A.B. asks: 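Got a structure for you, written out below as structure tokens; questions coming shortly.
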Amino acid sequence: MHPVDFIERKRDGAAHDAAELQDWISAYVAGEVPDYQMAAWLMAVYFQGMTPAETSELTLAMAHSGETLDLSTLGKTVDKHSSGGVGDKTTLVVAPILAAAGLVVAKMSGRGLAHTGGTIDKLESIPGWRAELSDEEFMRQARTVGLVISGQSKNLAPADGKMYALRDVTGTVPSIPLIASSIMSKKLAAGASIITLDVKVGKGAFMKDVAHARELARLMVQIGRHAGREVRAVLSQMDQPLGRAVGNAIEVREAIATLRGEGPRDLSELSLALAAEAMQAAGIDTELARQVWDDGSALTKLRDFITAQGGDGRVVEEPQRLELAADVEEVLAAQDGVVAQLDAYKIGIAALRLGGGRESKGARIDHGVGIYLEKKIGDRVSAGEPLARLYHRRGKGLSEAVELVTAAYSYGDSAVEPPLILEVVA
Ligand code: URA
């Protein structure tokens with residue numbers, strides 16, 4: 001296959017077949033196709049699109065471009081993925097529920113990007129907890145605890161890493177087939193038989209409207225089926241942050257409170273919905289999710305998981321062991337009213353400025369800083385009342401964060417909380 005012919009075919013709107021796509025991806029990973037040709041092809045895909053069948057074959061080729069995890073000896077395994085949101089700590093709630101219900105949750109997880117946090121960063125706020133596990137440790141913990149979450153230590157879907165870096169600098173990120181193949185190639189390589197996707201929609205999310213989110217979700221479900229996996233997607237609202245805590249340690253505290261039955265309603269509702277989708281896919285009565293939550297076995301599972309990865313399991317009973325920054329600033333309401341909007345993107349950036357996220361790849365983050373939202377959409381406020389508490393380190397990033405949090409709130413005479421779960425795609 002000549003790269004120029006291949007690019008021209010897509011430029012002119014033709015569909016590629018499986019063999020062509022495999023050759024293209026393996027030649028790219030081997031360095032035989034240079035970045036400028038891949039970039040031209042990505043732009044052709046951006047304009048011409050791909051059929052679902054083509055996208056599935058592209059995803060398989062990307063998934064097999066590096067190492068893959070074989071979890072087949074573990075029985076029914078679950079992976080849960082979020083397309084990225086603000087205050088999104090659902091994995092910390094859902095994974096223990098599923099493991100307590102008898103499923104095996106064995107997943108590799110990422111660090112935070114831009115204004116959205118990553119599960120590994122959150123977990124690293126637990127004293128002693130480590131993300132790096134050997135293959136043997138990963139498989140042993142999956143078998144003995146039923147729950148293991150490690151960092152991306154393996155060379156999973158390297159084609160995606162290279163292609164994403166190019167898309168980022170060539171204006172080709174927002175293409176639904178390219179996003180779907182990027183996400184699903186990593187999920188397929190990570191080996192779980194059941195994949196639950198939380199596709200966020202709204203101001204704080206990658207997908208700003210339901211129509212595009214639905215298209216993405218349907219495509220990802222189709223790709224998963226083509227690869228023999230059970231995939232379900234929940235479309236959830238991300239106009240305002242999920243829960244009230246945004247940061248790292250502060251989010252782990254909120255996840256623990258939620259497993260105790262003392263968490264915010266939206267986080268509980270979404271966690272239960274995601275757990276139910278995975279359980280349905282596994283053929284388990286979804287009532288069990290509620291049961292293991294109520295009887296405390298999900299919380300015990302969280303402690304066992306933390307301890308197995310070297311962390312201080314006492315945080316589950318004593319969340320104050322998760323250190324929060326000692327300096328606290330309250331942002332006060334300037335007027336009376338009802339919170340009509342609470343911009344998740346602005347809150348995410350505020351947490352980033354305080355040091356809770358990475359401004360550049362590889363930067364260190366401060367696990368103790370963060371934001372607690374006293375008021376969310378639909379709450380009534382009086383002038384001078386606290387809207388949010390900002391945990392900061394000696395004023396670092398504080399003035400900008402205060403400005404962003406203040407600007408994130410807007411008011412009306414009344415407001416209706418937007419529905420959290422917009423759709424399920426199965
Ligand atoms: N997340 C990914 O992993 N890939 C994309 O292309 C977009 C979001």
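Residue numbers run from 1 in the order of the sequence given. Fair warning: this is a prediction, and the values are worked out from it, not measured in the lab.
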A.B. asks: Does the side chain of Ile250 come within less than 4.5 Å of Val246's, by heavy atoms?
C.D. replies: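 No. Closest side-chain heavy atoms not under 4.5 Å.
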
A.B. asks: Can you give me the closest heavy-atom contact between Ala159 and Ile25, atom names plus distance?
C.D. replies: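 Here Ala159 and Ile25 meet closest at CB-CG2, 3.7 Å.
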
A.B. asks: Would you mind listing every side-chain hydrogen bond (donor to acceptor under 3.5 Å, both in side chains) that reaches into residues 277-286, with sequence neighbours excluded?
C.D. replies: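 Applying side-chain hydrogen bond (donor to acceptor under 3.5 Å, both in side chains) to every pair that reaches into residues 277-286, excluding sequence neighbours, yields Arg232-Glu277, Arg232-Gln280.
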
A.B. asks: Taking salt bridge (charged side-chain N to carboxylate O under 4.0 Å, His left out) as the cut-off, I'd like each qualifying pair that reaches into residues 179-190, sequence neighbours left out, listed once.
C.D. replies: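 Found Asp79-Lys187, Asp160-Lys186.
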
A.B. asks: Are the side chains of Thr196 and His81 in contact, using a 4.5 Å heavy-atom criterion?
C.D. replies: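 The answer is no, as the side chains (C-beta and beyond) never meet within the 4.5 Å cut-off.
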
A.B. asks: What ring-ring contact (aromatic ring centres under 6.0 Å, His included) pairs are there with at least one residue in residues 248-293, not counting sequence neighbours?
C.D. replies: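 ring-ring contact (aromatic ring centres under 6.0 Å, His included) check on residues 248-293 returns no pairs.
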
A.B. asks: Going by heavy atoms in the side chains, are Asp266 and Leu270 under 4.5 Å from each other?
C.D. replies: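 No, every pair of side-chain atoms sits at 4.5 Å or beyond.
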
A.B. asks: Would one find more than 12 heavy atoms of other residues, nucleotides or ligands at under 6.0 Å from atom CZ of Arg225?
C.D. replies: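 Yes, enclosed.
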
A.B. asks: Is it true that a side-chain atom of Glu215 and a backbone atom of Arg218 form a donor plus acceptor pair closer than 3.5 Å?
C.D. replies: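 No, Glu215 side chain to Arg218 backbone: no donor-acceptor pair under 3.5 Å.
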
A.B. asks: Other residues, nucleotides and ligands only: do more than 12 of their heavy atoms fall within 6.0 Å of CZ on Phe138?
C.D. replies: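 Yes, enclosed.
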
A.B. asks: Side-chain donor-acceptor pairs under 3.5 Å in residues 28-42, sequence neighbours left out?
C.D. replies:
from  : atom 1 : to    : atom 2 : distance (Å)
Tyr28 : OH     : Asp35 : OD1    : 2.9
Trp41 : NE1    : His16 : NE2    : 3.0

A.B. asks: CG/Asp198 to CG/Leu274 distance, rounded to the nearest 0.5 angstrom?
C.D. replies: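 The CG atom of Leu274 is 5.0 Å from CG of Asp198, to the nearest 0.5 Å.
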
A.B. asks: Just list the side-chain donor-acceptor pairs under 3.5 Å for residues 172-179, sequence neighbours left out, or say none.
C.D. replies:
from   : atom 1 : to     : atom 2 : distance (Å)
Thr172 : OG1    : Thr170 : OG1    : 2.9
Ser175 : OG     : Leu178 : N      : 3.4

A.B. asks: Contact between Phe206 and Lys200 at the side-chain level, heavy atoms closer than 4.5 Å - yes or no?
C.D. replies: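 No, their side chains stay 4.5 Å or more apart.
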
A.B. asks: What distance do Gln341 atom CD and Lys346 atom NZ have between them, rounded to the nearest 0.5 Å?
C.D. replies: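 Rounded to the nearest 0.5 Å, the CD-NZ separation comes to 10.0 Å.
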
A.B. asks: Does the Arg358 side chain pair with the main chain of Ala363, one donor and one acceptor, at a distance under 3.5 Å?
C.D. replies: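 Such a contact is found between Arg358 side chain and Ala363 backbone.
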
A.B. asks: Do the charged groups of Glu417 and Arg265 touch, with an N to O distance under 4.0 Å?
C.D. replies: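 Here Glu417 pairs with Arg265 in a salt bridge, since their nearest N and O are under 4.0 Å apart.
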
A.B. asks: Answer yes or no: does atom NE2 of His226 have more than 12 heavy-atom neighbours from other residues, nucleotides or ligands under 6.0 Å?
C.D. replies: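 Yes - once you tally the heavy atoms of other residues, nucleotides and ligands closer than 6.0 Å, there are more than 12.
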
A.B. asks: With a 4.5 Å heavy-atom cut-off, do Glu20 and Phe6 have their side chains touching?
C.D. replies: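 Glu20 vs Phe6: side chains touch.
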
A.B. asks: Below 4.0 angstrom, N of the basic side chain to O of the carboxylate: do Arg130 and Glu137 qualify?
C.D. replies: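 Salt bridge between Arg130 and Glu137, a charged N being under 4.0 Å from a carboxylate O: yes.
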
A.B. asks: List for me each residue that meets side-chain contact (heavy atoms from CB on, under 4.5 Å) alongside Asp23, sequence neighbours excluded, and say none if there are none.
C.D. replies: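 Applying side-chain contact (heavy atoms from CB on, under 4.5 Å) to Asp23 gives Met1.
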
A.B. asks: Charged N to carboxylate O below 4.0 Å: is that the case for Arg244 and Asp379?
C.D. replies: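 The answer is yes: the pair qualifies as a salt bridge.
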
A.B. asks: Do Asp366 and Arg393 sit within salt-bridge range, that is, some charged N less than 4.0 Å from a carboxylate O?
C.D. replies: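 Salt bridge present between Asp366 and Arg393.
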
A.B. asks: Looking at every non-hydrogen atom in both residues, tell me the closest pair between Ala401 and Leu354 and how far apart they are.
C.D. replies: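 Closest heavy-atom pair between Ala401 and Leu354: CB-CD2, 3.7 Å.
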
A.B. asks: Do Glu287 and Arg290 meet the salt-bridge criterion of a basic N to acidic O distance under 4.0 Å?
C.D. replies: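 Looking at Arg290 and Glu287, the cut-off is not met.
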
A.B. asks: Does this structure show an ion pair linking Glu329 with Arg389, if we count only N-O contacts that are shorter than 4.0 Å?
C.D. replies: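 Not counted as a salt bridge, because no side-chain N and carboxylate O are separated by less than 4.0 Å.
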
